[in-house]
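Worksheet for the structure shown next.
Letters A, B, ... are given to chains in the order of the sequence lines, protein chains preceding strands, and every chain is numbered from 1.
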2 protein chains.
Amino acid sequence: MLENFSEIRVESPVDKIIRQIRELITSGQLSPGDKLPPERKLSEVFGVGRTNVRDAIKKLEFYGILKTMPQSGTVVAGLGITALEGLITDVLKLEKSDFASLVETRVILETQSAKLAAERRTPEDIIAIQSALEAYEKKVRNGESAVEEDLLFHLKIAEASKNSVLNSLMLIITPDIVNSFVELKVCTDARFIKASEEHRAILQHIVNQDGKAAGRAMLNHLKDVVEFSQSKQ
Amino acid sequence: MLENFSEIRVESPVDKIIRQIRELITSGQLSPGDKLPPERKLSEVFGVGRTNVRDAIKKLEFYGILKTMPQSGTVVAGLGITALEGLITDVLKLEKSDFASLVETRVILETQSAKLAAERRTPEDIIAIQSALEAYEKKVRNGESAVEEDLLFHLKIAEASKNSVLNSLMLIITPDIVNSFVELKVCTDARFIKASEEHRAILQHIVNQDGKAAGRAMLNHLKDVVEFSQSKQ
DNA sequence: TTACTACATTTGGTCAACCAATTAATTGGT
DNA sequence: ACCAATTAATTGGTTGACCAAATGTAGTAA
């Protein structure tokens, strides 16, 4: 009965403004490379407070679409118009990323990051990964949920890959992964224990600096999750 | 002479506040799951305006570290404390992405996205990729710079991969790629023409739905850029 | 005519006050 | 003693005003 009334008025003011800015760009009133109107003007045109405009700009700046220079103005990044259009629409729907895509992408990033980590790891990286692994196993032994510790182990590997961009992307998708895992109850006790062995195998390959084997081990480790996501779909 | 005085005072106030919040968490004054002090209190403690505090919170919320409920308070995500600590420190140094990592990550994402695109492309995808390719070749024939059109071609492929997350990540790193390319003058006329042939090859494999070949072709296409980035390093 | 300086305007950044909603407390009744 | 309702305080959200730097402009001197 009550469900009929939900789902109204969910769009936040900043998303509305992002949509409007997109309109400005796609309609050609705003070409890449040139300054966009001052914040005061925008707030006046859109009929909202300047804070909301600033928040929207900040969000777009975060994604690299806009660039704001203090006391000088905000400019549109030098991308093609069509690319921008796609970008902005995707920023809006980035939130609800489907689970299958998420897992698929994770597999891609992680196998490569394991491979690179094996090739480039320093002794310090080994220690960091090892301590993350032990924190994970400790939680598992106590019968507690160890989703975060699991991800932390993987993040440490990404860190050891010495690829800052790869590491950043992992950080970006990690929160979504955690949420999905908890939501869909991916993890069971049996899986935790099995994962523990697989973790050790990965670590061993990284210690041995065997990139290919590390990648394969990671692929194998994530196979379960992939199958789960496919069954959910 | 003057260079000695530059590069000071680069840390923005919001980063400073993020650092302080991290301090609060690591020192145990703030545990995962519980509310953090109201914004007014924080601004007073940190000795800055409330706006800066709100911006910092917003940034952390962006990464899923904090969650703010209107008129109720802001809470720390239910992550493990070690995970949080690692996440926040990484958020701070997220900005700087070196060119080598950028290219390396791009290769990873693009080879996979080409492979998936070949397997999943629809007739509409083919048309979109084809028209992007033609726009690129038109610019090249006129002797103009076609960096954006180049990237647009690649983005269309990512779109055809039907993996929303992969597509989003490509969109995220694309602006950085464009900037680096223009800055480092990666592209010459000869490369544009050679790239054109390689583009056609990739497209052909996607049309044929040959995933492996598409991946290989993309890898080959990006080889030049990889070598360039390594020589720069 | 040209170049340079001083000024006025515009810019994004910052701040303090205000608003509505939520939560805690107090009070009155049972 | 306990529960309900009303009130008081506290919360994040929003607004408008102010600040310092950057830019554009006009005026003056060479």
Donor-acceptor contacts under 3.5 Å from residues 41-49 of chain A side chains, at least two apart:
from, atom 1, to, atom 2, distance (Å)
A:Ser43, OG, A:Arg40, O, 2.8

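For B:Asn52, the side-chain hydrogen bond (donor to acceptor under 3.5 Å, both in side chains) test picks out no residue, with sequence neighbours left out. Checked against side-chain hydrogen bond (donor to acceptor under 3.5 Å, both in side chains), A:Lys139 has no partners two or more places apart in sequence or in another chain. B:Glu104 is linked by a side-chain contact (heavy atoms from CB on, under 4.5 Å) to A:Leu116, A:Arg120, A:Asn163, counting only residues two or more places apart in sequence or in another chain. When the salt bridge (Lys or Arg N to Asp or Glu O under 4.0 Å) test is applied to B:Arg106, the partners found at least two apart in sequence or on another chain are B:Glu110. For B:Gln29, the side-chain contact (heavy atoms from CB on, under 4.5 Å) partners two or more places apart in sequence, or in a different chain, are B:Leu24, B:Ser27. Under the side-chain contact (heavy atoms from CB on, under 4.5 Å) criterion, A:Arg54 pairs with A:Glu39, A:Arg50, A:Lys58, sequence neighbours left out.
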Scoring nucleotides 5-14 of chain C by protein non-hydrogen atoms under 4.0 Å (B base, S sugar-phosphate only, - none) yields ------BBBB
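The nucleotide range of DNA chain D contacted by chain B, defined by atoms under 4.0 angstrom from heavy atoms of the protein and reported 5' to 3', is D:dT11 to D:dT14.
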Could you walk me through whether B:Lys162 and B:Asn167 satisfy the side-chain contact (heavy atoms from CB on, under 4.5 Å) test, starting with their C-alpha distance in whole Å, then the side-chain angles of each, then the deciding distance to 0.1 Å, before giving a yes or no? CA-CA 8 Å; B:Lys162 301 289 182 299; B:Asn167 191 21; over 6 Å; no
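Base pairing of C:dA17 is made with D:dT14, judged by Watson-Crick or G-U wobble geometry with both donor-acceptor distances under 3.5 Å.
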